[in-house]
Visitor: 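Quick one: the structure is below, and I'll ask about it shortly.
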Amino acid sequence: MRLYATVAAGGFRRFATYRVATAAGVFTNSVFGFVLSSTYIALWDERPQLGGYSVDDALAYVWIGQALITVCGLMGGGFEDELIERIRTGDIAVDLYRPADLQAWWFSANAGRSAYQLLGRGVVPMAVGALVFDFTLPSGPGTWLAFLVAVALGSVVSFALWYLVAMSAFWLLDGQGVVQVAWLGGLFFSGMLLPLNVFPGALGELARTLPWASLLQVPADVYLGRYEGWGLAGAYAFQGCWALVLLGAGRAAQAAATRKVVVQGG
């Protein structure tokens, strides 16, 4: 456990060194937050209570999304390109022979990255949005805590998704096609463009069932107090089940990849 804690701390420090990039990311997220806020205000003026949200709820949703883009990997996990490159060049063979679990190593590094992104690129855009717009805020510290738990679970689901994407490079040699498909899927089905609650009929049911809903829609609804008691436990269970299923699939892919490397090496 000490090894993986050290890897997580290293992941945090690694991204903390890119201060200019962090500042640029905060600026970009804030600008897009203003653009989306204006769009949402116009939309909710035409359709009040769309998706069961007030305009204040919708604005909160916008700024939560901007805060979680990098934390929950809505547009990329932040590590998959590096892992795919190591697979493509064959350097991954060295990683697989190390006395450390490959998935746990990358999970720990990603946990450190997510923690830094929450502090570096999550808090400031939310604060900027709160200063300019009158959006919904949690009613108390308990809701904030519940929200942070949902964000942590969303980050785990995100890692598991992007780890599977990276593992595909063992068989496809170039994983960029899968990365693009996953990027588009995450952009649409996470609720980044519009809350999944506004999707109609079967499309909405499907979108709210897929793992991408864990990355933004569920944390946002926890923040807005739409889950309480057993409902909150059910939301966590939804995220947790997807995390377990996807991590298990990633471990199976890793085992198959290890056998492939051993056979080729032999």
Visitor: Mind listing the closest non-hydrogen atom pair of Pro219 and Ser214 along with its distance?
Guide: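 Scanning both residues completely, I find the closest heavy atoms to be CD-O, 3.3 Å.
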
Visitor: Taking all heavy atoms of Leu203 and all of Phe189, pick out the closest pair and write down the distance.
Guide: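 Heavy atoms only, the tightest pair is CD1-CE2, 4.3 Å.
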
Visitor: Taking side chain as C-beta onward, heavy atoms only, is Leu247 less than 4.5 Å from Phe159?
Guide: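 Contact flag for Leu247/Phe159 side chains = yes.
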
Visitor: Just wondering, do Val165 and Val181 contact through their side chains at under 4.5 Å, heavy atoms?
Guide: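 A side-chain contact is absent here, since even the closest heavy-atom pair is not under 4.5 Å.
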
Visitor: Please round to the nearest 0.5 Å and tell me the distance separating atom CZ of Arg121 and atom OG1 of Thr70.
Guide: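 If we round to the nearest 0.5 Å, Arg121:CZ and Thr70:OG1 are 4.5 Å apart.
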
Visitor: Tell me whether Phe107 at atom CZ has more than 12 heavy atoms from other residues, nucleotides or ligands lying less than 6.0 Å away.
Guide: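 No, because the 6.0 Å sphere around CZ of Phe107 holds 12 heavy atoms or fewer from other groups.
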
Visitor: Does Glu228 have more than 12 heavy atoms from other residues, nucleotides or ligands lying within 6.0 Å of its CD?
Guide: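 Open.
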
Visitor: Where is the tightest heavy-atom contact between Ala160 and Ala243, given as atom of each residue plus distance?
Guide: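 Closest approach of Ala160 to Ala243, heavy atoms only: CB-O, 4.4 Å.
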
Visitor: Within the distance-only criterion (no hydrogens, no angle test), does the side chain of Ser114 pair as donor or acceptor with the backbone N or O of Ala111 below 3.5 angstrom?
Guide: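 Here the side-chain-to-backbone pair does not exist.
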
Visitor: Would Leu206 end up clustered with Leu216 when hydrophobic side chains under 4.5 Å apart are linked, directly or stepwise?
Guide: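 Yes, because Leu206 and Leu216 connect within a single hydrophobic cluster, where side-chain heavy atoms sit under 4.5 Å apart.
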
Visitor: Between Glu80 and Arg86, is the closest basic N to carboxylate O distance under 4.0 Å?
Guide: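 No salt bridge links Arg86 with Glu80.
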
Visitor: For this output row, return yes or no: ring centroids of Phe188 and Phe199 closer than 6.0 angstrom.
Guide: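 Yes, close enough.
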
Visitor: Answer whether the closest heavy-atom distance between the side chains of Gln217 and Met192 falls below 4.5 Å.
Guide: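 When only atoms from C-beta onward are counted, Met192 and Gln217 do not touch, as no gap falls below 4.5 Å.
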
Visitor: Work out which heavy atom in Phe133 is nearest to a heavy atom in Ser37; give both atom names and the distance.
Guide: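 So the two residues come closest at CZ-CB, 3.5 Å.
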
Visitor: With rounding to the nearest 0.5 Å, note down the distance linking OH in Tyr53 to CG in Leu224.
Guide: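 The OH atom of Tyr53 sits 5.5 Å away from the CG atom of Leu224.
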
Visitor: How about Phe15 and Tyr116: are their ring centres within less than 6.0 Å of each other?
Guide: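 When the ring centroids of Phe15 and Tyr116 are compared, they turn out to be at least 6.0 Å apart.
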
Visitor: Considering all heavy atoms of both residues, which atom of Ser30 and which atom of Trp63 are nearest to each other, and what is their separation?
Guide: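 Closest approach of Ser30 to Trp63: O-CH2, 3.5 Å.
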
Visitor: Looking at CZ of Phe32 and OG1 of Thr39, how far apart are the two atoms once the value is rounded to the nearest 0.5 Å?
Guide: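 Phe32 atom CZ to Thr39 atom OG1 measures 11.0 Å (nearest 0.5 Å).
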
Visitor: First locate atom CH2 of Trp242, then atom CG of Leu215, and finally report the distance between them rounded to the nearest 0.5 Å.
Guide: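 Between atom CH2 of Trp242 and atom CG of Leu215 there are 11.5 Å.
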
Visitor: Report the distance from atom OG of Ser158 to atom CD of Gln239, rounding to the nearest 0.5 Å.
Guide: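 The distance works out to 11.5 Å.
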
Visitor: Taking all atoms of both residues into account, what is the closest heavy-atom pair of Phe238 and Arg208, and its distance?
Guide: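 Looking at all heavy atoms of both residues, the shortest contact is CZ-O, 3.4 Å.
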
Visitor: For Tyr61 and Tyr40, take the angle between the two ring planes, folded into 0 to 90°, and tell me which bin it lands in: parallel under 30, tilted 30 to 60, perpendicular over 60.
Guide: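 Tyr61 vs Tyr40 ring planes: parallel.
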
Visitor: Does the Arg226 side chain pair with the main chain of Gly52, one donor and one acceptor, at a distance under 3.5 Å?
Guide: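 Indeed, once roles are kept as given, a pair shorter than 3.5 Å links the two residues.
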
Visitor: Quick check on the hydrophobic clustering: are Val7 and Phe12 connected, directly or via other members, by side-chain heavy-atom contacts under 4.5 Å?
Guide: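 Unlinked, Val7 and Phe12 end up in two clusters.
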
Visitor: Grouping I, L, V, M, F, W and Y whenever their side-chain heavy atoms are under 4.5 Å apart, do Tyr236 and Trp144 come out in a common cluster?
Guide: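 Linked, Tyr236 and Trp144 end up in one cluster.
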
Visitor: Is there a path from Leu118 to Tyr18 through hydrophobic residues (I, L, V, M, F, W, Y) whose side chains come within less than 4.5 Å of each other?
Guide: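 The answer is no; the residues belong to distinct hydrophobic clusters.
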
Visitor: Mind checking whether Leu164 and Leu244 sit in one hydrophobic cluster, side chains of I, L, V, M, F, W, Y counted as touching below 4.5 Å?
Guide: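 No, Leu164 does not connect to Leu244 through the hydrophobic network.
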
Visitor: Is a donor on one side and an acceptor on the other found under 3.5 Å between the side chain of Asn29 and the backbone of Pro125?
Guide: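 It does not hold such a pair.
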
Visitor: Identify, with sequence neighbours excluded, every residue that meets side chain to side chain donor-acceptor pair (under 3.5 Å) alongside Asp57.
Guide: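 Checked Asp57 against side chain to side chain donor-acceptor pair (under 3.5 Å); matches are Ser54, Thr136.
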
Visitor: Using side-chain heavy atoms (C-beta onward) and a distance below 4.5 Å, is Asn197 in contact with Asp221?
Guide: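 Sidechains of Asp221 and Asn197: in contact.
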
Visitor: What I'd like to find out is whether the side chain of Val71 reaches to under 4.5 Å of the side chain of Arg113, using heavy atoms alone.
Guide: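 They are not in side-chain contact.
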
Visitor: Does the side chain of Leu59 reach to within under 4.5 Å of the side chain of Trp44, using non-hydrogen atoms?
Guide: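 No, side chains not in contact.
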
Visitor: Return the CG to CD1 distance between Leu102 and Ile92, rounded to the nearest 0.5 Å.
Guide: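 Reported value, rounded in 0.5 Å steps: 4.5 Å.
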
Visitor: Not counting sequence neighbours, which residues clear side chain to side chain donor-acceptor pair (under 3.5 Å) with Asp45? List them please.
Guide: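 Asp45 satisfies side chain to side chain donor-acceptor pair (under 3.5 Å) with no other residue.
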
